[in-house]
Amino acid sequence: MAAIPAAKWGIRYAGYTGAKTVPQKFALIVGIVYVALGVIGFFVTGFSEFVGGSNGVLLGLFHLNPFRNVVHIALGALALLAALVLTPPATEGVNFIFAGILIVVAVLGYLGYLQGLLGIPPGVDPDNVLYLVLGVVTLFFSNPAKVLTG
């Protein structure tokens, strides 16, 4: 019997049975939080000065600008897609990519390369620490050994 095309691409299909795995549940939680953070961020920043330095601070710690809010919504949508549409192995792959993005953003933010675009201050800043911690935690939920070896 030929494989179902959706299954080849890691997409769940009508006949798919299986409970949500821990990586899928984690992606669902992260997706909801990131979309909510992006939407709430617009209440803090508004829509002016779309790119550039931060024009709002959330919880007195995290710098925001409208472009960063859009990025948070997009990353949240990606995590929700992984949690709700993809098979468990595909979700682990998306979590792995998500973790990589967060760790790279933390390093680039620390070095000061994202201050102009996302408004992330250089050095040891709560934004950079949060991205690094969330990246490492997300890496744990991606099962990296399985993702890298197939």
Side-chain angles (χ1 to χ4, degrees), residues 1-51 54-110 113-114 117-120 125-150:
M1 183 172 147
I4 297 171
K8 284 184 174 180
W9 291 96
I11 300 171
R12 287 193 272 169
Y13 50 91
Y16 179 81
T17 57
K20 291 230 184 282
T21 62
V22 173
Q24 287 175 317
K25 291 176 185 177
F26 177 78
L28 180 66
I29 292 167
V30 167
I32 291 169
V33 168
Y34 259 76
V35 168
L37 179 65
V39 171
I40 292 168
F42 280 115
F43 289 104
V44 174
T45 64
F47 292 94
S48 62
E49 298 180 29
F50 199 76
V51 177
S54 68
N55 55 358
V57 179
L58 183 65
L59 301 175
L61 292 172
F62 306 107
H63 302 275
L64 296 173
N65 66 23
F67 180 68
R68 194 160 167 196
N69 296 333
V70 170
V71 170
H72 286 152
I73 291 170
L75 288 174
L78 175 67
L80 287 173
L81 174 79
L84 300 173
V85 177
L86 300 180
T87 59
T91 301
E92 290 173 356
V94 171
N95 285 351
F96 185 75
I97 292 168
F98 197 83
I101 290 169
L102 291 172
I103 292 169
V104 167
V105 166
V107 171
L108 291 176
Y110 176 80
Y113 290 112
L114 298 177
L117 181 64
L118 297 174
I120 298 175
D125 183 76
D127 290 315
N128 298 324
V129 172
L130 178 67
Y131 286 132
L132 182 62
V133 169
L134 186 57
V136 170
V137 169
T138 304
L139 187 62
F140 173 76
F141 285 101
S142 70
N143 196 356
K146 184 176 172 186
V147 170
L148 294 174
T149 60

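Excluded from the calculations below are hydrogen atoms, water molecules and symmetry mates; all remaining heavy atoms, backbone and side chain alike, are included. Worth saying up front: this structure is predicted, and the values here are computed from it rather than measured.
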Item to check | Derivation and outcome, side chain to side chain contact (heavy atoms under 4.5 Å, CB included), residues F140 and V136 | outcome: CA-CA 6 Å; F140 173 76; V136 170; over 6 Å; no
Checklist entry - Step by step, would you call T91 with F26 a side chain to side chain contact (heavy atoms under 4.5 Å, CB included)? => result CA-CA 10 Å; T91 301; F26 177 78; over 6 Å; no
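Closest approach of A99 to G135, counting heavy atoms only: CB-O, 3.3 Å. Taking all atoms of both residues into account, the shortest heavy-atom contact from V94 to A82 is CG1-CB, 3.6 Å.
Interatomic distance, L139 CG to I103 CD1, rounded to the nearest 0.5 Å: 5.5 Å. Summarising the geometry, atom CG belonging to L64 is positioned 13.5 Å from atom CZ belonging to F43; distances are rounded to the nearest 0.5 Å. Going from atom CG of L102 over to atom CG of N95 covers 10.5 Å, rounded to the nearest 0.5 Å. Put simply, NZ on K20 and CG on L84 are 5.0 Å apart, with the number rounded to the nearest 0.5 Å.
Under the 4.5 Å side-chain criterion, counting only non-hydrogen atoms from C-beta, T45 is not in contact with R68. Side-chain contact between I73 and Y34 is absent, with no heavy atoms from C-beta onward closer than 4.5 Å. Between L80 and L28, some side-chain heavy-atom pair lies under the 4.5 Å cut-off. Two residues are said to be in side-chain contact when any heavy atoms from C-beta on lie closer than 4.5 Å; V71 and F67 meet this criterion.
Of the possible polar contacts, none joining the N143 side chain to the E92 backbone as a donor-acceptor pair under 3.5 Å is found.
Y131 is linked by a ring-ring contact (aromatic ring centres under 6.0 Å, His included) to nothing, counting only residues two or more places apart in sequence or in another chain. Residues satisfying the ring-ring contact (aromatic ring centres under 6.0 Å, His included) test with F42, not counting sequence neighbours, are F47.
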